[in-house]
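Notes for the one structure printed next.
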Amino acid sequence: MADTKTPLLRERKADEHARVTYAELFFDLVFVFAVTQLSHAVLRHPDGPGLVHATLLLLAVWWSWIYTAWATNWLDPERGPVRLMLFAMMAAALVLAAAIPDAFGERGLAFAAGHVIMQVGRTAFFLWSAWRAPQHRANFARILCWLTFAAVFWIAGGFVQGEARLAIWGLALGIEYLSPAVGFWTPGLGRTKSEEWKVEGGHMAERCALFTIIALGESIIVSGSTVMGMPWDPPVMAAFASAFICSLAMWWIYFSSTAEAASKAIEEARDPGAIARVAYTYAHILPVAGIIVAAVGDEWVIHHPLGSADIKVVAAVIGGPALFLFGTLVFKLAVFRRGSPTRLMGLVMLAAMVPVAGLVSPLTLSILTNLVLVLVGGGETWLIARRRT
């Protein structure tokens, strides 16, 4: 049971995991918009600087979302004050998402302010709401120090332009990403041990699975909106079908066994906090990034299914699935301490396509990469069925 002096915390029940609430699902809607904006940012600027900018923005968006997921792992969104906090975070996230297309232009300060309000505001709220819970008070005091320090650089970056903004925001992001790895060590406050993070594995697994659904849903939106403005001739419709199969295969691989099994593995682990920190806080961004990159490739293929695949199409069509497989492989290693032969073989097959990718049409390349994903999904399903017999 939750501490009676901290009524905003969830009540822990031994026989069931904390469910994801409707307020959390509502909060996630803003990030559907954010992920779409990130995909469009890559489509508009598929060059080196554009990809660097999009990567930094994706990392910032993910960090603001995953920290909220951690907070609601302990806070109860069914309580009025917590729900109001989530709605306030939604407003900040909406500003952040709307600023993404021009985050390295005129709306840099708006993006930075949205991110800082989410990070610092949410943490300050948690510290206030759980002040009488010693196990949380010390942890979130340290987190608040780190995020406030990073906030200085986020805001400062909003006042400069060009490469200076990229450098300052890169430093801010580095501070935020480093902090969990060093246990949020703070002078005078010490550091947080992973054993102190009593994570609710089922809730965290479900939250991250839902974010994966968001990314997959965005990929379907991208391909659907693209094909609407195209002539529905056989090559375009074949590319459209291939894009759908890509989303379907990624869903199959992610949800065939990993999502459910990860929840149980974390619950039964000696140090669930350490596993969740690596698997969800850090590693889970990789498959999400892979889905976004694959969606960008799908749009390019639908626009130009025939002819020779240029370098940006090759990078997206092969790189997206490869990043997804690599990310799910790292995730599986973090949770289960074992790899996946099928995902590793899929990565080898994708790598083997690179030398000849420019010699085939974008549609052919898309079909081949999706065939690899289907083989990985089928192989994993077969292995699971074999273990059960």
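When the side chains of ILVMFWY residues are joined at heavy-atom separations under 4.5 Å, either directly or via intervening members, Ile175 and Leu96 end up in a single hydrophobic cluster. In the hydrophobic clustering of ILVMFWY residues, with side-chain heavy atoms under 4.5 Å counting as a link, Val288 and Phe33 come out together. Under the 4.5 Å side-chain heavy-atom criterion for ILVMFWY residues, a single connected hydrophobic cluster contains both Leu86 and Phe125. Under the 4.5 Å side-chain heavy-atom criterion for ILVMFWY residues, a single connected hydrophobic cluster contains both Val120 and Leu59. Ile367 and Val227 sit in two unconnected hydrophobic clusters of ILVMFWY residues. Membership requires side-chain heavy atoms under 4.5 Å apart, directly or through other members.
The CZ atom of Arg343 sits 7.5 Å away from the CG atom of Leu329 when rounded to the nearest 0.5 Å. In this structure, the separation between CD1 on Ile285 and CG on Leu58 is 4.0 Å, given to the nearest 0.5 Å. Note: Phe324 CZ to Thr212 OG1 = 7.5 Å, rounded to the nearest 0.5 Å.
Evaluation of the ring-ring contact (aromatic ring centres under 6.0 Å, His included) rule for Phe159 yields no partner, not counting sequence neighbours. A search for salt bridge (Lys or Arg N to Asp or Glu O under 4.0 Å) contacts involving Arg137 returns nothing, not counting sequence neighbours.
Screening residues 287-314 for ring-ring contact (aromatic ring centres under 6.0 Å, His included), with sequence neighbours left out, gives no hits. Among residue pairs with one or both ends in residues 207-224, those qualifying as salt bridge (Lys or Arg N to Asp or Glu O under 4.0 Å) are Glu24-Arg207, Asp28-Arg207; sequence neighbours excluded.
The aromatic rings of Tyr67 and Phe184 lie perpendicular to each other, with more than 60° between the two planes, well past the 30° mark.
Residues Cys246 and Asp298 meet the side-chain proximity criterion, which asks for heavy atoms closer than 4.5 Å. In this structure, the side chains of Leu57 and Leu38 come closer than 4.5 Å at one or more pairs of heavy atoms. Between Trp252 and Val374 there is a side-chain heavy-atom pair separated by less than 4.5 Å. At a threshold of 4.5 Å between non-hydrogen side-chain atoms, the residues Pro101 and Gln37 count as touching. Proximity of Val42 to His53: side-chain heavy atoms (C-beta onward) are nowhere separated by under 4.5 Å. Between Thr342 and Met345, every side-chain heavy-atom pair lies at or beyond the 4.5 Å cut-off. Two residues are said to be in side-chain contact when any heavy atoms from C-beta on lie closer than 4.5 Å; Met85 and Arg79 fail this criterion. Residues Trp146 and Glu176 form no side-chain contact, since every pair of their non-hydrogen atoms from C-beta on lies 4.5 Å or further apart.
For Phe326, the CZ atom is loosely surrounded, since the number of other residues' heavy atoms within 6.0 Å does not exceed 12.
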Set out, in order, the CA-CA distance, both residues' side-chain angles and the distance that settles side-chain hydrogen bond (donor to acceptor under 3.5 Å, both in side chains) for Ser340 and Glu380, then state yes or no. CA-CA 8 Å; Ser340 170; Glu380 298 235 328; 2.6 Å; yes
Test side-chain hydrogen bond (donor to acceptor under 3.5 Å, both in side chains) on Ser179 and Trp185 and set out the steps. CA-CA 7 Å; Ser179 56; Trp185 180 85; over 6 Å; no
Side chain to side chain contact (heavy atoms under 4.5 Å, CB included) for Ser223 and Phe244? Distances and angles first, verdict last. CA-CA 8 Å; Ser223 58; Phe244 175 70; over 6 Å; no
Under the side chain to side chain contact (heavy atoms under 4.5 Å, CB included) rule, what do Leu94 and Phe31 come out as? Steps first, then yes or no, please. CA-CA 8 Å; Leu94 188 60; Phe31 288 86; over 6 Å; no
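A donor atom on one side chain and an acceptor atom on the other are found under 3.5 Å apart for Thr281 and Trp70. Thr186 and Arg191 share no side-chain donor-acceptor pair at under 3.5 Å.
The side-chain contact (heavy atoms from CB on, under 4.5 Å) test with Met250 singles out one residue from Ile245, Ile291, Thr328, Leu325, and that residue is Ile291. Each of Trp65, Tyr22, Phe87 was evaluated against Phe27; a single residue qualifies, Trp65, per the side-chain contact (heavy atoms from CB on, under 4.5 Å) test. Tested against His284, the residues Trp62, Phe211, Trp63 include a single ring-ring contact (aromatic ring centres under 6.0 Å, His included) partner, Trp62.
In terms of modelled atom types and a separation under 3.5 Å, the side chain of Tyr177 and the main chain of Tyr282 share no donor-acceptor contact. Panel note: side chain Arg83, backbone Ala23; no donor-acceptor pair is recorded below 3.5 Å. In this structure, the side chain of Asn370 engages the main chain of Ser242 through a donor-acceptor pair within 3.5 Å. Formation of a donor-acceptor pair under 3.5 Å by the Thr36 side chain with backbone atoms of Val32 is found in this model. Judged purely by atom type and a 3.5 angstrom limit, Ser219 uses its side chain to pair as donor or acceptor with the backbone of Leu216. Between the side chain of Gln119 and the backbone N or O of Leu147, no donor-acceptor pair lies under 3.5 Å. The main-chain N or O of Phe126 is found under 3.5 Å from a side-chain atom of Ser129 such that the two form a donor-acceptor pair.
Aromatic ring centroids of Trp131 and His136 lie 6.0 Å or more apart. Side-chain rings of Phe104 and His45 stay apart, their centers remaining 6.0 Å or farther from each other.
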Got a list of side-chain donor-acceptor pairs under 3.5 Å for residues 162-169, not counting sequence neighbours?
{"from": "Arg165", "atom 1": "NE", "to": "Gly157", "atom 2": "O", "distance (Å)": "3.0"}
{"from": "Arg165", "atom 1": "NE", "to": "Val160", "atom 2": "O", "distance (Å)": "3.0"}
{"from": "Arg165", "atom 1": "NH1", "to": "Ala103", "atom 2": "O", "distance (Å)": "2.9"}
{"from": "Arg165", "atom 1": "NH1", "to": "Gly105", "atom 2": "O", "distance (Å)": "2.8"}
{"from": "Arg165", "atom 1": "NH2", "to": "Gly158", "atom 2": "O", "distance (Å)": "3.2"}
{"from": "Arg165", "atom 1": "NH2", "to": "Val160", "atom 2": "O", "distance (Å)": "2.7"}
{"from": "Trp169", "atom 1": "NE1", "to": "Trp154", "atom 2": "O", "distance (Å)": "2.8"}

Return all side-chain donor-acceptor pairs below 3.5 angstrom for residues 349-365, not counting sequence neighbours, or 'none' if the list is empty.
{"from": "Ser361", "atom 1": "OG", "to": "Thr364", "atom 2": "N", "distance (Å)": "3.1"}
{"from": "Ser361", "atom 1": "OG", "to": "Thr364", "atom 2": "OG1", "distance (Å)": "2.9"}

